[in-house]
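Remarks on the structure that follows.
In what follows, every heavy atom counts, from backbone to side chain, and hydrogens, waters and symmetry copies are set aside.
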Amino acid sequence: MGFKQADAAGRFLSNVRFTHVFSSDLIRAKQTACAIMRNNQLSEDIKIMYDPRLRERKYGDAEGRPLSELKVMAKKAGGQCPSYTPPGGETLEQVRARAKDFFEYLCQLVMAESSVKEKSELGASGMVGIMSTDLAPFVNHNKEPTIFGESRDVTLDASVLLVSHGAYMRNWIKYFVEDLQFIFPPELKKSRELSVSPNTGISHFIITVGSGATRKPEIQCVCINLHGHLSDIDADTSHYQV
């Protein structure tokens with residue numbers, strides 16, 4: 001079932017041109033990233049970079065056990081999920097620190113490459129800039145994108161695919177909200193904002209990074225936990241988190 005879902009995500013993203021691809025180095029995420037790129041028609045020769053900072057939260061003594069057992073452990077310890085940390089596991093603060101470290105690295109990478117791009121006709125990655133029209137599948141599934149309003153011809157410095165895990169990504173988005181003061185679009189249902197993504201769910205953010213050392217990145221949400229590409233796959237995926 002997981003492979004079917006990964007292929008479905010790959011087909012949905014088949015016409016999105018990526019300049020960078022990063023994945024957790026855990027096997028399920030690696031397989032998902034490979035499936036997505038195998039289906040992609042516009043991102044040839046893009047190497048998948050595996051990074052341990054994108055790994056799922058470490059659950060220590062609860063690793064590999066059903067969620068029901070984790071809840072029992074938390075109750076016995078006088079805590080509750082997801083804030084409870086099993087013995088040997090990572091705290092939510094530690095997971096967020098990993099997300100913050102990777103996000104800052106990514107921003108610095110794109111800024112460095114965009115600086116080089118100004119001196120090269122093809123840019124640091126050997127590609128021309130990504131246009132807003134390249135992002136159409138995210139916005140309304142291959143229709144004309146509306147997220148940019150009148151600025152539909154905006155050029156982006158990078159189009160980055162990240163493949164990670166449910167609890168990790170939930171903490172990353174909380175970092176956006178609590179540390180970077182990101183505000184969700186008003187039309188988004190509150191119940192979906194910080195929920196754990198379904199397996200191969202897709203979230204899309206547009207990041208604007210300024211050159212000032214103290215300036216926080218500006219974050220725009222196009223979609224979160226998108227899962228329409230899974231509509232034809234009839235299964236309970238509640239135990240899968242990629």
Between K30 and D25, does any side-chain N to carboxylate O distance fall below 4.0 Å?
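The answer is no: the pair does not qualify as a salt bridge.
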Under the salt bridge (charged side-chain N to carboxylate O under 4.0 Å, His left out) rule, what pairs show up with a residue in residues 68-84, not counting sequence neighbours?
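Every salt bridge (charged side-chain N to carboxylate O under 4.0 Å, His left out) pair that includes a residue of residues 68-84, provided the two are not neighbours, is R65-E69.
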Any pair counted as salt bridge (charged side-chain N to carboxylate O under 4.0 Å, His left out), so long as it reaches residues 85-95, sequence neighbours left out:
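Every salt bridge (charged side-chain N to carboxylate O under 4.0 Å, His left out) pair that includes a residue of residues 85-95, provided the two are not neighbours, is E90-R98.
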Using every non-hydrogen atom in the two residues, find where [X] and [Y] come nearest and quote the distance to one decimal.
| X | Y | value |
| --- | --- | --- |
| S43 | F18 | OG-N, 2.8 Å |
| D61 | P86 | N-CB, 4.5 Å |
| N15 | L42 | O-CD1, 3.2 Å |
| A9 | T200 | CB-CB, 4.1 Å |
| K58 | G88 | CE-O, 3.5 Å |
| S23 | I48 | CB-CG2, 4.1 Å |

With a 4.5 Å heavy-atom cut-off, do [X] and [Y] have their side chains touching?
| X | Y | value |
| --- | --- | --- |
| I233 | M1 | yes |
| D7 | R38 | yes |
| S197 | M169 | no |
| H204 | L226 | no |
| K4 | D232 | no |
| I206 | V222 | yes |
| Q5 | P198 | no |
| Q31 | F3 | yes |

Given the rule that I, L, V, M, F, W and Y join up when any side-chain heavy atoms are under 4.5 Å apart, are [X] and [Y] in one cluster?
| X | Y | answer |
| --- | --- | --- |
| M49 | V160 | yes |
| Y50 | I36 | yes |
| L92 | V196 | no |
| V209 | F102 | yes |

Verify side-chain contact (heavy atoms from CB on, under 4.5 Å) between N225 and S195, making sure each step is shown before the conclusion.
CA-CA 8 Å; N225 298 343; S195 61; 3.2 Å; yes
Please lay out, stage by stage, how H20 and I46 fare under the test side-chain contact (heavy atoms from CB on, under 4.5 Å).
CA-CA 7 Å; H20 305 74; I46 300 296; 5.8 Å; no
Any chance CD1 of I183 has more than 12 other-residue heavy atoms, nucleotides or ligands included, within less than 6.0 Å?
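Count not over threshold, so no.
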Run the side-chain donor-acceptor check on residues 170-182: report pairs under 3.5 Å with partners two or more places apart or on a different chain.
unit_1 : atom_1 : unit_2 : atom_2 : d
R170   : NE     : L194   : O      : 2.5
N171   : ND2    : A167   : O      : 2.8
E178   : OE1    : R96    : NH1    : 2.9
E178   : OE1    : R96    : NH2    : 2.7
D179   : OD1    : R96    : NH1    : 3.2
Q181   : OE1    : K216   : NZ     : 2.5
Q181   : NE2    : E178   : O      : 3.3
Q181   : NE2    : D179   : O      : 3.4

Any pair counted as side-chain hydrogen bond (donor to acceptor under 3.5 Å, both in side chains), so long as it reaches residues 99-111, sequence neighbours left out:
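Output for this query lists R53-D101, K100-E104.
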Could you tell me the separation between the CZ atom of F22 and the CG atom of L106, rounded to the nearest 0.5 Å?
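Between F22 CZ and L106 CG, I get 5.5 Å after rounding to 0.5 Å.
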Spacing of CD1 belonging to I207 relative to SG belonging to C107, to within rounding of 0.5 Å:
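One finds 6.5 Å between CD1 of I207 and SG of C107.
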Donor-acceptor pair, [X] side chain versus [Y] backbone, under 3.5 Å?
| X | Y | answer |
| --- | --- | --- |
| T32 | A6 | no |
| S159 | T19 | no |
| E56 | Y168 | yes |

Derivation and outcome, side-chain contact (heavy atoms from CB on, under 4.5 Å), residues V163 and M37:
CA-CA 11 Å; V163 182; M37 296 310 294; over 6 Å; no
side-chain contact (heavy atoms from CB on, under 4.5 Å) evaluation trace for N40 with S14:
CA-CA 4 Å; N40 194 277; S14 62; 5.6 Å; no
Tell me every residue that passes side-chain hydrogen bond (donor to acceptor under 3.5 Å, both in side chains) with S24, counting only those two or more places apart in sequence or in another chain.
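With sequence neighbours excluded, S24 shows a side-chain hydrogen bond (donor to acceptor under 3.5 Å, both in side chains) to H165, given in chain and number order.
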Sequence neighbours left out, what passes salt bridge (charged side-chain N to carboxylate O under 4.0 Å, His left out) with E63? Give chain and number order.
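With neighbours one apart ignored, the set is empty.
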